Amino acid sequence: MMKRTLLTGLLLIITMFTAVAQSDKDNAQEESQNLVAHRVEQGETVMLICKKYLITPPDIYKHNPDAIEGISYNMVLQIPVDKKLDVKPKAKNSSVAANSKQLTQGVLGKNR
């Protein structure tokens, strides 16, 4: 009877540790899938990056402990993002500037 109780207890403990280990593994995989790499641009600060991704500085520091001492140009940060949040890098084209120039010329041209 004592052996049976010990064996049952041992199996119960092994089962609990296996479930906890699997849960930790799942959390780690889920967390790594929600990270995006961000290369720091000239003049960017932690606060600007936080605003861009709708996160807080501790979110950045959790995944980038080196950033606590400061960030620098071209540094790559791992940024946690919500799957629902669609964060796209800014397009570096001048179509907006060209459109605004055309609008300005059109308005000025009509007044002359």
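These figures come from a predicted structure and were not determined experimentally. Residues: numbered from 1 along the sequence shown.
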Asker: Give a yes or no answer on whether the side chain of N64 reaches the backbone of Q78 with a donor-acceptor pair at less than 3.5 Å.
Answerer: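 Yes.
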
Asker: Name all residues meeting the side-chain contact (heavy atoms from CB on, under 4.5 Å) criterion together with S72; count only those two or more places apart in sequence or in a different chain, and write none if there are none.
Answerer: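 Result, side-chain contact (heavy atoms from CB on, under 4.5 Å) vs S72: M75.
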
Asker: To the nearest 0.5 Å, what is the distance between CD1 on I55 and NZ on K62?
Answerer: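 So the gap between those two atoms works out to 11.5 Å.
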
Asker: State, to 0.1 Å, how close E41 and E44 come at their nearest heavy-atom pair, and which atoms those are.
Answerer: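 Closest approach of E41 to E44: N-OE1, 2.8 Å.
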
Asker: Could you walk me through whether N74 and R39 pass the side-chain contact (heavy atoms from CB on, under 4.5 Å) test, one step at a time?
Answerer: CA-CA 5 Å; N74 267 347; R39 185 173 298 275; 3.3 Å; yes

Asker: Mind checking what makes side-chain hydrogen bond (donor to acceptor under 3.5 Å, both in side chains) contact with D59, not counting sequence neighbours?
Answerer: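 Residues passing side-chain hydrogen bond (donor to acceptor under 3.5 Å, both in side chains) with D59: T56.
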
Asker: So do Y53 and I60 actually touch side chain to side chain, heavy atoms under 4.5 Å?
Answerer: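 Result no, sub-4.5 Å side-chain heavy-atom pair not found.
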
Asker: Do M47 and V36 sit in the same hydrophobic cluster, where Ile, Leu, Val, Met, Phe, Trp and Tyr count as joined when their side-chain heavy atoms come under 4.5 Å apart?
Answerer: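 Not linked; separate clusters.
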
Asker: Looking only at heavy atoms, which two atoms of V76 and A37 are closest? And how far apart?
Answerer: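 Result for this residue pair: CG1-CB, 4.0 Å.
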
Asker: If I compare all heavy atoms of C50 with all of P57, which pair ends up nearest, and what's the gap?
Answerer: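 Closest pair (atom of C50, atom of P57, distance): SG-N, 3.3 Å.
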
Asker: With the 4.5 Å side-chain cut-off for hydrophobic clustering, are L77 and L48 part of the same group?
Answerer: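 Different clusters: L77 never reaches L48 through Ile, Leu, Val, Met, Phe, Trp or Tyr contacts under 4.5 Å.
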
